[in-house]
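Okay, so here's the structure we're looking at.
Note: hydrogens, waters and symmetry copies are ignored here, and every other heavy atom, side chains too, is used. In what follows, chains are A, B, ... by sequence order, proteins preceding strands, each numbered from 1.
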Amino acid sequence: MKIYNTMSRKKEKFVPIEPGKIKMYVCGPTVYNYFHIGNARTFMFFDVVRRYFEYRNFEVIFVKNITDIDDKLIEQSITEKIPVSEIAKKYIDAYYEDIRALEIEKPTYQSKATEYLDEMIALIKELEEKGFAYEKNGDVYFSVEKNKNYGKLSGRKLEDLKAGARVEENPNKKNPADFTLWKKAKPGEPKWKSPWGDGRPGWHTECVVMSRKFLGETFDIHGGAIDLIFPHHENEIAQAEAASNKPLANYWMHGGFLNISGEKMSKSLDNFFLTRDVLKKYNAEAIRFFFLSKHYRSPIDFNEDILKESNQAVKNLYSALKENDYLSFIDEKPDYSENQNELKDQFITAMDDDFNTAKAIAVLFEIAKSARSSKDINSAHLLVELGRVLGFFSNLEEKLKTNLDDISEELILLLIRYRSQFKKDKNWEMADKIRDDLKKMGIELKDTPDGTKWKFDK
RNA sequence: GGCGACAUCGCCAAGUGGUAAGGCAAAGGUCUGCAAAAUCUUUAUCCCCGGUUCGAAUCCGGGUGUCGCCUCCA
């Protein structure tokens with residue numbers, strides 16, 4: 001299998017450190033607000049990465065952090081007039097809620113920054129002792145000049161960074177590109193004790209500490225969205241490799257951005273979409289389809305028309321299962337034909353090529369098509385098996401079930417019987433009225449050679 | 001100023017040297033009392049110019065356009 005590695009800017013053959021085992025770390029949310037639909041794209045993509053590896057029988061150790069102490073939480077705490085710890089709790093709960101609603105699986109470890117203060121302080125101390133860090137007025141900075149490889153991930157040179165003229169002026173820093181490891185607390189701010197006085201850790205340090213803790217000094221895959229390449233991941237590498245003298249991660253994967261009508265999503269442009277708001281109008285699978293229909297590294301443009309199309313596409317996938325009455329065969333063991341195995345291989349080939357989910361989805365549609373035309377339940381089984389690798393069809397039983405109590409169902413069947421009589425009498429007006437009225441309630445009738453069938457049309 | 005990405009049917013989107021996947025939408029046929037569903041069929045030569053090649057959407061050069069990063073950012 002091949003994975004595009006940001007470090008080399010090439011697709012590389014993927015070789016895990018330990019055969020059969022994948023250690024991956026993905027940067028999670030900073031919990032100062034509800035997360036937006038762009039975050040959702042990244043989280044959902046890495047959910048698929050994890051699912052795919054597991055499908056291919058790898059043991060996956062997947063770590064995702066929660067940044068629960070940061071300048072942004074402090075700002076939000078002032079805005080909402082509640083303590084930082086409550087801000088964190090509120091948005092962590094919301095995060096879990098939204099993730100569940102998106103049908104994203106939990107990582108193996110979901111770690112919070114504030115639980116690893118001791119380890120962070122130890123790392124900063126180690127860096128100070130090794131001469132990579134210096135203290136000034138209660139702040140501790142990492143000295144980028146001490147690390148000759150600084151900039152290797154983002155392809156930046158220190159001179160270029162200086163020339164950028166947008167680097168903030170900070171008289172405490174030896175080099176404007178130096179970044180904060182420990183920040184002195186101002187009065188009233190959350191603080192922890194440290195050898196440099198009361199303060200809080202910088203953002204870049206937590207990921208190094210938590211990845212080390214759960215995955216070791218070098219692990220397989222480090223992921224995030226493209227904007228994290230610089231400075232966040234660059235600064236993680238600088239610290240981790242200064243301390244251990246070993247590469248932090250072998251493969252760096254970065255997801256592309258989500259734009260709104262061609263423009264970057266930002267609060268100032270007022271085109272900010274929270275995941276929970278999108279979920280009010282579109283279900284998780286429509287959103288998932290929309291994300292996965294484009295390659296993860298490409299920018300994707302978000303608009304409602306495309307979400308509607310995606311919703312329709314997913315419905316059509318489901319119809320292949322309903323046509324086959326999949327629910328009745330859900331516990332059956334599949335027995336794939338040669339042709340079905342061939343389709344499965346096509347799916348795997350697509351995913352092996354740097355997670356070409358768009359192509360994988362095309363295979364899904366081919367399978368759905370044959371499931372419908374051949375009425376072969378094995379095609380339906382294959383559709384579910386592979387669809388689940390992309391995260392579709394979770395809680396399938398529930399989704400296929402009609403969720404009606406017995407009386408309601410009896411009433412529908414009663415109406416269908418009346419309508420059949422009207423049809424026999426060629427009373428088309430009444431027959432159509434029953435059909436139309438039921439349709440208004442979201443119940444769709446269709447006349448088949450085996451009699452009239454009904455289903456929810458949602 | 002530095003670095004990078006992208007431009008394929010009405011819309012979304014694969015394909016990166018061998019003659020254009022798939023989805024949505026649309027049109028027509030079958031089926032139906034009419035529908036719905038299902039099913040079959042139809043719809044592009046790949047931003048422009050030049051080059052390399054037997055052969056290019058795919059490689060090279062030059063345009064044009066769009067976007068991103070360099071500051072917190074998924």
| field | Interatomic distance, A:L73 CG vs B:rC73 C1' [rounded to whole Å] | value | 14 Å
| field | Polar side chain donor-acceptor pair, A:S8 to A:N5, under 3.5 angstrom | value | no
| said: From CD1 of A:I74 over to P of B:rC72, roughly how many Å is that when rounded to an integer? | reply: 15 Å
| request: Tell me, please, which residues at least two apart from A:R41 pass salt bridge (Lys or Arg N to Asp or Glu O under 4.0 Å). | output: none
| How about A:L321 and A:L396: do any of their side-chain heavy atoms sit closer than 4.5 Å? | yes
| query | Which one is paired to B:rU45, where only Watson-Crick or G-U wobble pairs with both distances under 3.5 angstrom count? | reply | none
| note | Applying the 3.5 Å cut-off to both distances, the Watson-Crick or G-U partner of B:rG33 turns out to be none
Identify all pairs in which a protein N or O lies below 3.5 Å from an N or O of nucleotides 30-33 of chain B, and state each distance.
residue	atom	partner	partner atom	Å
B:rG33	N1	A:D432	OD1	3.0
B:rG33	N2	A:D432	OD2	2.9

| said: With rounding to the closest Å, how many angstrom separate the P atoms on B:rC70 and B:rC11? | reply: 32 Å
| said: Mind checking if A:H36 touches a base, just sugar-phosphate, or nothing, with heavy atoms under 4.0 Å? | reply: base
| said: Can you measure A:N235 atom CG to B:rC70 atom C1' for me and round it to whole angstrom units? | reply: 13 Å
| message | The side chain of A:D227 is closest to which nucleotide in this list: B:rA13, B:rC70, B:rA74? | response | B:rA74
| query | If you look at every strand shown and take non-hydrogen atoms under 4.0 Å, does A:G155 touch a base, only sugar-phosphate, or nothing? | reply | nothing
| said: Could you check whether A:D432 pairs with A:R435 (Lys NZ or Arg NE/NH1/NH2 to Asp/Glu carboxylate O, under 4.0 Å)? | reply: yes
| field | Comparing A:R372 and A:R9 on RNA chain B - which has the more 5′ nearest nucleotide | value | A:R9
| message | If the test is salt bridge (Lys or Arg N to Asp or Glu O under 4.0 Å), which one of A:R51, A:K399, A:R288 qualifies with A:E103? | response | A:K399
| task | Identify the two heavy atoms, one from A:P201 and one from A:M120, that lie closest to each other, and give their separation to 0.1 Å. | result | CB-SD, 3.5 Å
| Closest to the A:D353 side chain: B:rC73, B:rG15, B:rA38? | B:rG15
| task | Among the candidates B:rA74, B:rG15, B:rC69, find the nucleotide nearest to the side-chain atoms of A:N356. | result | B:rG15
| Distance in angstrom units between A:L445 CG and B:rA38 P, rounded | 16 Å
| said: Taking any heavy-atom pair under 4.0 Å as a contact, classify A:I226: base, sugar-phosphate, or nothing. | reply: nothing
| request: Would you mind reading off the distance between A:D354 atom CG and B:rU16 atom C1', rounded to a whole angstrom? | output: 14 Å
| said: How many whole angstroms separate atom CD of A:E234 from atom C1' of B:rC69? | reply: 12 Å
| message | Salt bridge or not between A:R200 and A:E189? Use side-chain N to carboxylate O under 4.0 Å. | response | yes
| Say you pick atom P in B:rA13 and the same atom in B:rU71; how far apart are they, in whole Å? | 30 Å
| request: Take atom NZ of A:K359 and atom C1' of B:rA13, then tell me their distance rounded to the nearest Å. | output: 13 Å
| field | Parallel, tilted or perpendicular: ring planes of A:W252 versus A:H233, cut at 30 and 60 degrees | value | tilted
| remark: Only residue of A:Y4, A:F53, A:Y52 satisfying ring-ring contact (aromatic ring centres under 6.0 Å, His included) with A:F14 is A:F53
| Integer-rounded Å distance: B:rC73 C1' and A:E75 CD | 12 Å
| message | Can you tell me the base-pairing partner of B:rG1? Count Watson-Crick or G-U wobble geometry only, both distances below 3.5 Å, and say none if there is no partner. | response | B:rC70
| request: Report the residue (A:H204 or A:K294) whose heavy-atom-nearest nucleotide on RNA chain B is the more 5′ of the two. | output: A:K294
| field | Same-atom distance (P) from B:rG61 to B:rU52, integer angstrom | value | 15 Å
| field | B:rU52: pairing nucleotide in any strand, Watson-Crick or G-U under 3.5 angstrom | value | none
| task | Choose from B:rA38, B:rC12, B:rA36 the nucleotide whose nearest atom is closest to any side-chain atom of A:E444. | result | B:rA36
| Distance-only donor-acceptor check, side chains A:Q421 and A:D425, under 3.5 Å | yes
| said: Roughly how many Å apart are B:rG4 and B:rU42, using the P atom of each and rounding to a whole number? | reply: 45 Å
| Listed nucleotide nearest any side-chain atom of A:S319, set B:rA36, B:rA38, B:rC67 | B:rA38
| task | Could you work out the separation of B:rC49 and B:rU64 based on their C1' atoms and round it to a whole Å? | result | 10 Å
| request: Output the distance between atom CG (A:D376) and atom CD (A:Q340), rounded to the nearest 0.5 Å. | output: 5.0 Å
| note | From the candidates B:rC69, B:rA13, B:rA74, the one with an atom nearest any side-chain atom of A:M265 is B:rA74
| field | Side-chain H-bond candidate by donor/acceptor type, A:N39 with A:H36, under 3.5 Å | value | yes
| message | Which label fits A:F302 and A:F273: parallel for a plane angle under 30°, tilted from 30 to 60°, or perpendicular past 60°? | response | tilted
| task | Side chain of A:T30 only, please: which of B:rA36, B:rG15, B:rA74 is the nearest? | result | B:rA74
| Pair partner, B:rG17 [Watson-Crick or wobble, under 3.5 Å] | none
| Across the strands shown, which category fits A:I229 at heavy-atom distances under 4.0 angstrom: base, sugar-phosphate, nothing? | nothing
| task | Using the P atom as the reference point in each nucleotide, state the distance between B:rC47 and B:rG15 in Å, no decimals. | result | 15 Å
| query | If we take the C1' atom in both B:rA74 and B:rG23, what is their distance in whole Å? | reply | 26 Å
| Should B:rA7 form a Watson-Crick or G-U wobble pair with both distances under 3.5 Å, which nucleotide is its partner? | B:rU64
| Listed nucleotide nearest any side-chain atom of A:K264, set B:rG2, B:rC72, B:rG68 | B:rG68
Tabulated below should be each protein N or O lying under 3.5 Å from an N or O of nucleotides 22-25 of chain B; please produce it.
residue	atom	partner	partner atom	Å
B:rG23	N2	A:E309	OE1	3.0
B:rC24	OP1	A:N316	ND2	2.1

| said: In this structure, is the centre-to-centre distance between the rings of A:H381 and A:Y326 below 6.0 Å? | reply: yes
| message | Would you say that more than 12 heavy atoms from the other residues, nucleotides or ligands in this model lie under 6.0 Å from the NZ of A:K191, or not? | response | no
| query | Looking at A:Y318 versus A:F393, is the centre-to-centre ring distance below 6.0 Å? | reply | yes
| message | Can you pull out every ring-ring contact (aromatic ring centres under 6.0 Å, His included) where at least one residue sits in residues 89-110 of chain A? Sequence neighbours excluded, please. | response | A:Y34-A:Y91, A:F35-A:Y95, A:F43-A:Y95, A:Y109-A:F214
Tabulate protein N/O versus nucleotide N/O from nucleotides 45-47 of chain B, keeping only pairs under 3.5 Å, one per line.
none

Tabulate protein N/O versus nucleotide N/O from nucleotides 6-8 of chain B, keeping only pairs under 3.5 Å, one per line.
none

| field | Distance between C1' atoms of B:rA7 and B:rA14 (Å, rounded) | value | 15 Å
| request: Would you check if A:K136 and A:D139 make a side-chain contact, meaning some heavy-atom pair closer than 4.5 Å? | output: no
